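Encoded as C-alpha cells, the structure appears first; notes follow it.
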Amino acid sequence: VMVGRWNHRKILHFDDAQSEGAYFRIKEIKDLEILTGFMRRFAEIDYDDGEDFGRKNNAQDLDSESTFGAGSSAYLLFFEGKYQVIDLLSFNPYVIYHDDYASVYGLDTKFETKWEDAEITYGGKVKYYHVDAEIAGSGDANNYSLAPFVKKGPVYMSVGYAKFDDGNALNKPTWLRDYFLPVDQLVTYGTTDSDVVFGKLKLTFGDFWTHFAFTDSDYATTAGRGDGSQEYELQFGYTFIKNLDLNVRLFDVQFDNVDDKDYQKIESRIRFKF
C-alpha cells in the first residue's frame, strides 16, 4: 500500500511516470497481481518534459476544466490485473474510471514461446481498449494493435499494426499512456481514423543497448499535421553502475501534405537514482 506520489511508468496505463494518489498492490495468489486505487494528478519530470505537480492551471490536475471539461471529477479510479494463465500466455485487463470525462476498459494479451533447437523466442502482443466518453463533443472509441515479435540472443525485433477509431471518437483520453506504438514522440497518436504500421529493432550487449524504431501513420486530414506522418527514432543507452545511466535519443519526424512542420531533435539524459 502506498499513499502519495509513485513512479509507475512500466506498471500502470497512465500517461506519465509519476502520479499522486493511493495505490494498493496485491500478490497473494500465484501468477496473479492486482493493482488498484485512485489518482488525482499526474506529471512527468524527465528530460523530454517540464511538467510538475501543483502548477496553477495545471492541465494534469484531473478537475482542470480546460483539459477535462466542466464538472470532471478531481479523482479517477483504476483497477488492473496481471494473470499468467500458462507459461506462454498472459492477460493484463484494466479499467480506468474518471467521472464526467471518460472511462477506459482495456485488455493486453501476450503470447510467447520458444523454439528450443534454434534458441529463438517468438510470440505476439494484442492490445485493445474501449473508451466510454462523457466529455461534450466526443464519442466512444474502439482501438487495437497487433505486434508479433522475435528474440534471439542480443537481438529483439517487432513489427505491428494499430487502428484508431474515426468520427469524433475520443481515441486518447489525456491521462492514458501512448502505449500501442514504439516511438516516444507520437505527435499523431490516436489521430482520427489512423492506420499505423510500426516496427522496432533492439540490440543489447551487457550494459549497452541501442534500438531503431519507426511509425508510419495515415489518418484523416488534421490541421497542422497533414494526412499522414512518419516518425523515426534512434536510441543509445548505457548503465555505468546500478544507479547511474546515460541515454541519447535522435528523432526525425515528417508530415505528409503540410508545409514547414517536419523536424529533427536530439535529446540526452544522464540520470542518477537514489
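No experiment lies behind these values; they were computed from the predicted model shown.
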All salt bridge (charged side-chain N to carboxylate O under 4.0 Å, His left out) counterparts of [X], not counting sequence neighbours:
| X | value |
| --- | --- |
| Arg40 | Glu20 |
| Asp178 | Lys172 |
| Asp63 | none |
| Asp195 | Lys163 |

- Item | With Phe214 via ring-ring contact (aromatic ring centres under 6.0 Å, His included) - residues at least two apart |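 Phe214 satisfies ring-ring contact (aromatic ring centres under 6.0 Å, His included) with no other residue.
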- Task: Identify, with sequence neighbours excluded, every residue that meets ring-ring contact (aromatic ring centres under 6.0 Å, His included) alongside Tyr129.
- Result: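 Applying ring-ring contact (aromatic ring centres under 6.0 Å, His included) to Tyr129 gives Phe180.
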Sequence neighbours excluded, which residues qualify as side-chain contact (heavy atoms from CB on, under 4.5 Å) partners of [X]?
| X | answer |
| --- | --- |
| Asp252 | Tyr232, Gln254, Gln264 |
| Ala118 | Trp115, Ile120 |
| Phe38 | Ala22, Tyr75, Leu77 |

Ignoring hydrogens and geometry, is there a side-chain-to-backbone donor-acceptor pair from [X] to [Y] under 3.5 Å?
| X | Y | answer |
| --- | --- | --- |
| Asn171 | Gly190 | yes |
| Glu65 | Ala70 | no |
| Asp262 | Phe255 | yes |
| Thr36 | Ile34 | no |
| Asp140 | Ala133 | yes |

- Message: Clusters formed by hydrophobic residues whose side-chain heavy atoms approach within less than 4.5 Å: which one holds Val95, and what are its other members?
- Response: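 Members alongside Val95: Tyr105.
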- Query: Does a donor on one side chain sit under 3.5 Å from an acceptor on the other, for Asn142 and Tyr144?
  - Reply: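 Looking only at side-chain atoms, Tyr144 and Asn142 do not form any donor-acceptor pair under 3.5 Å.
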- Hey, is Glu267 close enough to Lys265 for a salt bridge, meaning N to O under 4.0 Å?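 A salt bridge is present here (some side-chain N lies under 4.0 Å from a carboxylate O).
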- Flag the pair Val248 / Ser268 as yes when at least one side-chain heavy-atom distance between them is below 4.5 Å, and no otherwise.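 SC-SC contact between Val248 and Ser268 confirmed.
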- Task: Check whether any side-chain heavy atom of Asp15 sits under 4.5 Å from a side-chain heavy atom of Phe42, and report yes or no.
- Result: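 They are in side-chain contact.
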- Pairwise ring-ring contact (aromatic ring centres under 6.0 Å, His included) hits with a residue in residues 190-213, at least two apart: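 Output for this query lists Trp209-His211.
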- Check: Tyr83 ring centroid to Phe91 ring centroid under 6.0 Å: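 They do not qualify: ring centres at least 6.0 Å apart.
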- Query: Are Phe236 and Tyr238 close enough that their ring centers fall under 6.0 Å?
  - Reply: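 Judged by ring-centre distance (under 6.0 Å), Phe236 and Tyr238 do not meet the cut-off.
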- Message: For residues 150-159, which residue pairs pass the side chain to side chain donor-acceptor pair (under 3.5 Å) check, not counting sequence neighbours?
- Response: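 The answer is none; no pair qualifies.
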- Message: Students often mix this up, so state it plainly: with edges at 30° and 60°, are the rings of Tyr23 and Trp6 parallel, tilted or perpendicular?
- Response: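 Tilted: the ring planes of Tyr23 and Trp6 meet at 30° to 60°.
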